[in-house]
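To start, the structure under review is shown below, and the notes come after it.
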Protein chains: 4
Amino acid sequence: MPSDYTIKLRSPVKAETNGHLSEKHEAILAAALDLFAERTYDGTPMPLVAERAGVGAGTIYRYFRSKEALVNAVYRRCMEHQRRLLLEDVPVEATAREQFRHWWRGMCQFATENPQGFVFLETHHHESYRDAESQELLDQVRAGAHTLVENAQARGEVRQATPDVLISLVFGAFTGLVKWTMEGDCGLTEETISDAEERVWQMLRP
Amino acid sequence: MPSDYTIKLRSPVKAETNGHLSEKHEAILAAALDLFAERTYDGTPMPLVAERAGVGAGTIYRYFRSKEALVNAVYRRCMEHQRRLLLEDVPVEATAREQFRHWWRGMCQFATENPQGFVFLETHHHESYRDAESQELLDQVRAGAHTLVENAQARGEVRQATPDVLISLVFGAFTGLVKWTMEGDCGLTEETISDAEERVWQMLRP
Amino acid sequence: MPSDYTIKLRSPVKAETNGHLSEKHEAILAAALDLFAERTYDGTPMPLVAERAGVGAGTIYRYFRSKEALVNAVYRRCMEHQRRLLLEDVPVEATAREQFRHWWRGMCQFATENPQGFVFLETHHHESYRDAESQELLDQVRAGAHTLVENAQARGEVRQATPDVLISLVFGAFTGLVKWTMEGDCGLTEETISDAEERVWQMLRP
Amino acid sequence: MPSDYTIKLRSPVKAETNGHLSEKHEAILAAALDLFAERTYDGTPMPLVAERAGVGAGTIYRYFRSKEALVNAVYRRCMEHQRRLLLEDVPVEATAREQFRHWWRGMCQFATENPQGFVFLETHHHESYRDAESQELLDQVRAGAHTLVENAQARGEVRQATPDVLISLVFGAFTGLVKWTMEGDCGLTEETISDAEERVWQMLRP
DNA sequence: TATGAATGAGCGTTCATTCAT
DNA sequence: AATGAATGAACGCTCATTCAT
């Protein structure tokens, strides 16, 4: 029997004050991201999220309708972070090489600032719970990359090849690199980053 | 509490007849692979594995000691398949370009013959249940690639760069490509494969 | 849906040859007694009984309709053993003291020859699965004791007191003694037996 | 696999308010005692304990880590009750006969106030799940009886015989009596009690 | 006749979610 | 608004029993 009084879910917008979320909301998202990246969505009990966030188990449900809503919020927030780094301040007038560098550095910054976010997106890529808004964010990033590649190809600065193929190779190569550095204890050194950048660029250049 | 009487687990070797496993053993492994790839290890209930395999829930435990033993068997079998395709018949005397082609074609064959296996390995790479034998298989593949790259570098046929970085970029790029083709409905066409092969080789060549 | 062909259950009588049961029947009963005494009826899986008896799991069901039928057979056999030792060769013409000695020695013989049987009866006394035939055996032993006590009281050789009270005190005392010796590593020495016999007699004598 | 987050188990001490446990804690212990006495530890499913206690199945695990922890709590509580009745207010300066009476009356009180507890201890005496604290309680009672007997023997008020033998005979006799009264519908009447007390004393007196 | 692979109901236990406080 | 005790469906797994061989 559904309850017949209205449960007032704190909407994310309402909870914001001057653009940032309430402390608890924030703590829950951070705890969930950590744990989902570490042990998988299905492998993470909600009470553990609550414990890590330092809130009561019931409190999570004041901010998120369900576990699935929580993981989607985590997903969105990671994608949003990534999107911001990749799509903002794109040097539209620059050469393809410079645009690629912008993309590459943006990805590095994301993986460095938010390693759990990186792992989370990687391992939860295919999940069925990704909702419309999450999908939209992903599409934006892809569309941005697509346009960049097409324009560069039109200018003859990037190899002729299906843009999506090139994009997936480049994203994949970057992902492979980060996963490798994460397995070892060495971090992502500047040298590794710029060497790899040059290697990956070789896939794109004409 | 584990059962007190001896459960005669069909060992893979014993259960074989002329080199292939009993029908049920096979069906369980196949069902588990499908489901783990589709919905994650933690997201897959054993009863669902049983149903998909067309056996009773209890039957799985005549073949696998536990869920963890099952996922390891799946892991091993996938890695073994991959290892066979990558490490057998390596053209040791050939040029680096030809060796790379062998590797690339092997990976394509693996991803085509066993797409769930590919996804499973991808998404369960970091899991804690990977036992010693599974790890060994992974190490073999990595060591094989490492040697190939080093030798080719010594001959001046591959760029000077940390071999592991190159390997992770190449594996990553391939993975990115396959994941992209899997998301769309188009399969891995011969054209895509050979175009991408050439692109990825550009990362390696001097 | 019940099977519509007759399952021919080997009746205990049919299975006998010259008064003793088939080897398998025997092995199953012995294994069950051991295990039920050691780990309780409910704590003993049928497959473990089968393993201990050296027969297939299905074989037990050719001799016993169910686990409950098996435990009843075990119960009956133990009670029958006890009954034989207590009720046969009772020195009806002897003094109460000598009759008591006969009873005491019979109990000692039972506990010594068949310690698992003793423990089994002790720990499974109150169980609901005791069927009519089992109950009958128990009643016989009690009735025998009852008569003995009443007659002895009539002759003034045993204290006036509710016979059943005396009987339960005596049985209980014996049981307490045997359980104590079983807990320690010392067996039931002749000295302990005869000292205790004298002590217990003191409860009965006028 | 035990849960990864901290389950705040209500410790017996914490859960107490003015010396008695929370209502649910109490209800679970009582239900478990009843059922274990009636149908054995192994024969009692946890869901049945929950139902009898009037709580949800999961609720038990907020109070007890596992079924084994529950049975130990039941065991301890029964032993503690018995210990209190037997070891407190022992008339140390009195005659052996009066000390025996104190013990006898204590046992009667225990069996009357807590008949399920009596049966439970009887039938679960030898079980492997008895933990250190449970064992300690049992040892205290035994040691108390031992000392009493030895001192009385030294004063010539109790027969010379191995104290443990006497103790096991006396405990056993009492147990036999109670089991008998429980099988019939008659309770433990004052007459039966005092008659039996006198009979049992005859085993001890010089 | 004897087997043991197979089954599924039911076990002990966990955890997403609710709701009285 | 926040809590955490309480819940019961569902988990991983066991085992009494069946039945094809």
Side-chain angles (χ1 to χ4, degrees), chain A residues 2-3 5 7-8 10 15 22 24 42 44-51 55-68 70, chain B residues 1-5 7-8 10 15 22 24-25 42-50 54-68 70, chain C residues 2-3 5 7-8 10 22 24 42 44-51 55-68 70, chain D residues 1-5 7-8 10 15 22 24-25 42-51 54-68 70:
Chain A
S3 56
Y5 55 90
I7 299 172
K8 269 165 262 157
R10 224 176 207 303
S22 92
K24 294 214 149 124
D42 283 303
T44 305
M46 287 293 263
L48 182 57
V49 176
E51 186 180 271
V55 303
T59 303
I60 296 181
Y61 290 86
R62 302 196 64 75
Y63 293 91
F64 304 94
R65 199 179 308 285
S66 66
K67 196 183 182 187
E68 194 169 321
L70 173 58
Chain B
M1 190 168 29
S3 71
D4 298 295
Y5 51 94
I7 302 166
K8 273 163 242 148
R10 310 192 136 242
S22 93
K24 292 223 148 102
H25 199 140
D42 282 308
T44 306
M46 289 295 262
L48 187 57
V49 176
V55 302
T59 303
I60 297 180
Y61 294 87
R62 299 193 64 76
Y63 294 90
F64 303 93
R65 205 175 307 287
S66 66
K67 194 184 184 188
E68 193 167 323
L70 173 59
Chain C
S3 57
Y5 55 89
I7 299 173
K8 270 163 265 161
R10 226 177 204 304
S22 93
K24 294 212 149 123
D42 283 304
T44 305
M46 288 293 262
L48 183 57
V49 177
E51 186 179 271
V55 303
T59 305
I60 296 180
Y61 290 86
R62 302 197 65 76
Y63 293 92
F64 304 94
R65 199 179 308 283
S66 67
K67 196 183 184 189
E68 193 168 322
L70 173 59
Chain D
M1 189 168 34
S3 69
D4 298 294
Y5 51 94
I7 301 165
K8 271 164 243 146
R10 308 188 137 245
S22 91
K24 293 223 147 104
H25 199 142
D42 282 308
T44 305
M46 289 295 263
L48 188 58
V49 176
E51 186 186 296
V55 302
T59 303
I60 296 179
Y61 293 87
R62 299 194 63 76
Y63 294 90
F64 304 93
R65 203 175 307 286
S66 64
K67 194 183 184 189
E68 194 168 323
L70 173 58

_Base-pairing assignment for E:dA20 (Watson-Crick or G-U wobble, both under 3.5 Å)_ = F:dT3
*Nucleotide E:dA6, atom P - distance to NE2 of B:H25 in whole Å*: 12 Å
*Would you kindly give the NZ-to-C1' distance between D:K24 and F:dG4, to the nearest whole Å?*
13 Å
_With nearest nucleotide decided by heavy atoms, which residue, B:D4 or C:T59, maps closer to the 5′ end of DNA chain F?_
B:D4
_So, taking the atom named CD1 in A:I60 and the one named NZ in A:K67, what distance separates them when rounded to the nearest 0.5 Å?_
10.0 Å
*Could you say whether B:G54 or A:P47 is positioned toward the 5' end of DNA chain E, judged by the nucleotide with the nearest heavy atom to each?*
B:G54
*Return the value, rounded to whole Å, for the distance between atom OH of B:Y63 and atom C1' of F:dG12.*
19 Å
_Please report the distance, rounded to the nearest Å, between CG in C:D42 and P in E:dG12._
11 Å
*Can you tell me the distance, in whole Å, between the CG atom of B:L70 and the P atom of F:dG12?*
11 Å
*Earlier contact from the 5' end, DNA chain F, for A:V55 and B:T44*: A:V55
*Would you name the heavy atoms of C:P45 and B:Y5 that are closest together and state the gap between them?*
CB-CE2, 3.6 Å
*What is the minimum heavy-atom distance between C:K24 and C:T59, and which atoms define it?*
CD-CG2, 4.3 Å
*Close side-chain approach of A:M46 to A:L70, heavy-atom, < 4.5 Å*: yes
*So which one's nearest nucleotide on DNA chain E is more toward 5', A:M46 or B:I60?*
B:I60
*Using whole Å, report how far CZ of C:R62 lies from C1' of F:dT18.*
12 Å
*Exercise: identify the closest heavy-atom pair between C:S66 and C:Y61*: CA-CE2, 4.0 Å
*Specify the separation, in whole Å, of atom NZ of A:K67 and atom P of F:dA10.*
15 Å
*Short side-chain N/O contact to E:dA5 OP1/OP2 from B:Y61, under 4.0 Å*: no
*Out of F:dT3, F:dA6, F:dG8, whichever nucleotide has its closest atom nearest the side chain of D:A57*: F:dG8
*Rounded to whole angstroms, how far apart are OH on B:Y5 and P on F:dT17?*
13 Å
*Classify the nucleic acid contact of B:S3 as base, sugar-phosphate or nothing, counting any heavy atom under 4.0 Å across all strands shown.*
sugar-phosphate
